[in-house]
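These notes are about the structure you will find just below.
Atom set for the values below is all heavy atoms of this structure, side chains included, hydrogens, waters and symmetry mates excluded. Every number for a ligand or one of its atoms is a count from 1 in the order of the listing.
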Amino acid sequence: MSKLTAPQFPAPFSAQRAGVSGAAGRHKVALKPGRSLMDWVRLTKSGKDLTGTGGRSFDVTTEELAKHNTVNNCWMAVRGKVYNITPYFEYHPGGVDELMKGAGKDGTQLFDEVHKWVNIESMLESCYIGKLKATPVPVEKSGSPLVKKLYSSLLSAKGHMPPPAPPPIHIPEEKPSPRLDWFQNDSSVTLTIYTRWNDILREHVIIDKKGQKLQAAVVVKDMTYMVHLDLANEVHEKCGVRVSKGTGKLEIILRKVVEGRRWLALGDPLEGHNTYEETGNKEAVFRECKVLSIEPVSHDTHLYCVQLPEGCRMSVPIGHHVHIKANIEGMSIVRSYTPVTASLQYKVPPQLEDIQDEIIYLMIKIYPGGALTPAIDRLVEGSKVLVSNYEGNYQESHMRDCSHLILLAAGTGFTPMVKIIYKNLIEEWEGSRQIKLVFFNKTEKDILWRNQLELLAQENPRFGVFHILSEADDNWDGLRGRIRKEILESFIPPIGEGKKVMICACGPSPFTEEAIRLVQEMGYSLSRIHPFMG
Ligand SMILES: Cc1cc2nc3c(=O)[nH]c(=O)nc-3n(C[C@H](O)[C@H](O)[C@H](O)COP(=O)(O)OP(=O)(O)OC[C@H]3O[C@@H](n4cnc5c(N)ncnc54)[C@H](O)[C@@H]3O)c2cc1C
Ligand code: HEM
């Protein structure tokens, strides 16, 4: 069986999280058979004592915590709770070494930096020992409060040699906050947010409105500006959003219920109003959404159309993903999914654009042995599903100066490519950018939206789709095998031609890593490659 098709964990596609070589280097590891998330769920329900304390619960001091710092006896504190993580080592998708970074310590910061959305309280409930007493011991980092404290105590110690130069202290770049203003006419009230970011899009605001309570999260790159108000007067449920391209101005238009009434104030500020924080520091928000329709895409993949709750509007930007959360056998499981468009065949008419902000399309492959997708498979029209705010680091400006866009996708790694194709070829039908989708699958029946892709290629000469199959039958006369240099060389222009090429890659870890390696071997720098990551 070829490398591309071998069953693997992390799930094929979770590999969207593969790091760029030389970048942060966060990786999922191959877990041993019998060590999947579902196996962990079963172990925690088996009644076996996973606390290592005979099930006894007690408060833990930082001194006691520090004693449990080996692979055979390891405790970690996260958000004030101490867990025995010894039994979890073999099940940790990030591997043993990563977990050991928090051994005997408060690992909250490390944990949140990597996967704040993982529901540790639920996953490690059966490993819970007790509350962390006193001040947590921070993990030493250059410039951390602990390092600074040690350094200053060294300085004040009289009679000692002058200490070496202090470690470089990272001073976060000052990011000026957006500014909020408002104005009104007889029928509407408009909130204007000057984001100072010229690339702002309508997708960058997520609105939740219930009665007179209005919450708007404006995502400005890696920061979020919050508007949270109890409005002074009633407004209609639906609101509009307008952005002025190139100025950074974003407007939220509210329609007055009582036309002609002059508002004396906008309203009262509620918790978090007018704050500007790193998005990564914010709590994950999950909303109960309704499944409107489910359509088959292939033998194991479906297209789910999901409606956001009333009063909420969120349009997920290109290359961003949401999380779905479900309770599986008593444990809260969270997985990531990249929204797609309804189809690649027609453009959404402008009058329906607002409705699009209330709906999310998800293309999800079902793994019968998986932890979450069997539960997704049981959803029917009308079912409720918990969907989070979006996350991601792809900026549309990545594409701006490119004339040739090469999309390398494997399996459900196709999902982030859908919105890129839609934007470039359907929304901007008259554009000039050349786009090639090089799509790797096992067999013909695994190819997602094959007809739509081929139709689009026939209709728009700027688009080409090329299939490569690793387990094709004898009737297949196209390309075969897995990602390799000769294949890429036949689709990616040689570097010397001076074309402005951008390459996006998404698929299982080995696929994405190989794509990055081969493209670099062809002479392209990392700045011309965008691997989709979680
Ligand atoms: C940013 C991001 C975006 C994503 N977008 C999408 C998307 O749009 N669409 C989509 O379908 N998926 C997407 N995924 C993948 C998705 O998040 C899940 O990983 C996937 O749905 C599987 O979840 P699961 O819990 O059902 O399966 P898991 O429990 O993770 O298992 C997955 C598969 O691996 C097998 N397995 C588990 N453990 C082992 C083992 N030890 N040895 C061998 N095999 C094992 C299981 O039987 C199953 O077949 C995305 C992932 C990321 C990170
Ligand atoms: C020091 C603390 C920790 C570090 C540094 C760490 C690091 C990592 C890394 C690097 C990954 C791979 C991420 C990726 O693919 O992008 C990962 C995945 C994961 N970790 Fe941890 N981890 C820590 C603690 C924990 C703990 C305590 C749990 C227990 C609940 C946990 C649960 C998970 C899960 C469920 C995933 C898979 C996420 C996914 O499917 O995308 N981690 N971790």
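- Residues passing the side-chain contact (heavy atoms from CB on, under 4.5 Å) test with Ser57, sequence neighbours excluded: Tyr128.
- Using a 4.0 Å cut-off to heavy atoms of Arg335, the atoms of ligand 2 that qualify are 40 (O).
- Here the side chains of Val220 and His204 are not in contact, with every heavy-atom distance at 4.5 Å or above.
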Working note: Arg79 + Asp106, criterion salt bridge (charged side-chain N to carboxylate O under 4.0 Å, His left out); need CA distance, chi angles, decisive distance, verdict.
CA-CA 8 Å; Arg79 294 188 203 108; Asp106 182 349; over 6 Å; no
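- Cation-pi check for Lys325 over Phe286 is met; the charged atom lies under 6.0 angstrom from the ring centroid and within 45 degrees of its normal.
- With a 4.0 Å cut-off on non-hydrogen atoms, Glu113 does not touch ligand 2 at all.
- Of the polar atoms of Pro374, none of the N or O atoms is found under 3.5 Å from an N or O of ligand 1, judged by distance alone.
- For Thr443 and Asn441, the side-chain atoms include no donor-acceptor pair closer than 3.5 Å.
- Applying the 4.0 Å criterion to heavy atoms of Ile120 picks out, from ligand 2, the atoms 27 (C).
- Residue contact check for ligand 2: Trp117 places a non-hydrogen atom closer than 4.0 Å to it.
- The distance from ligand 1 to the heavy atoms of Gly369 drops below 4.0 Å at these ligand atoms: 46 (C), 47 (O).
- Short contacts between ligand 2 and Gly102, defined as distances under 4.0 Å to a heavy atom of the residue, involve ligand atoms 1 (C).
- Of the polar atoms of Ala371, at least one N or O is found under 3.5 Å from an N or O of ligand 1, judged by distance alone.
- At least one side-chain heavy atom of Ile364 sits less than 4.5 Å from a side-chain heavy atom of Tyr304.
- Of the candidates Pro33, Gly319, Ser336, the one placing a heavy atom closest to atom 17 (O) of ligand 1 is Ser336.
- Counting only non-hydrogen atoms, the option in Tyr337, Trp40, Tyr304, Tyr367 that gets closest to atom 7 (C) of ligand 1 is Tyr337.
- Ligand 2 has no nitrogen or oxygen under 3.5 angstrom from a nitrogen or oxygen of Lys101.
- Considering both main-chain and side-chain atoms, Glu98 never comes within under 3.5 Å of ligand 2 through any nitrogen or oxygen pair.
- When heavy-atom distances to ligand 2 are checked against a 4.0 Å cut-off, Tyr83 has no atom that comes that close, whether in backbone or side chain.
- Thr70 and Asn73 share no donor-acceptor pair across their side chains, judged by distance under 3.5 Å alone.
- Here the shortest heavy-atom distance to atom 25 (O) of ligand 1, taken over Arg35, Glu391, Arg335, belongs to Arg335.
- Remark: Arg450 engages Glu444, Glu454 in a salt bridge (Lys or Arg N to Asp or Glu O under 4.0 Å) (not counting sequence neighbours).
- Tested against Ile318 for a side-chain contact (heavy atoms from CB on, under 4.5 Å), the candidates Gln395, Glu203, Met399 yield a single pass: Met399.
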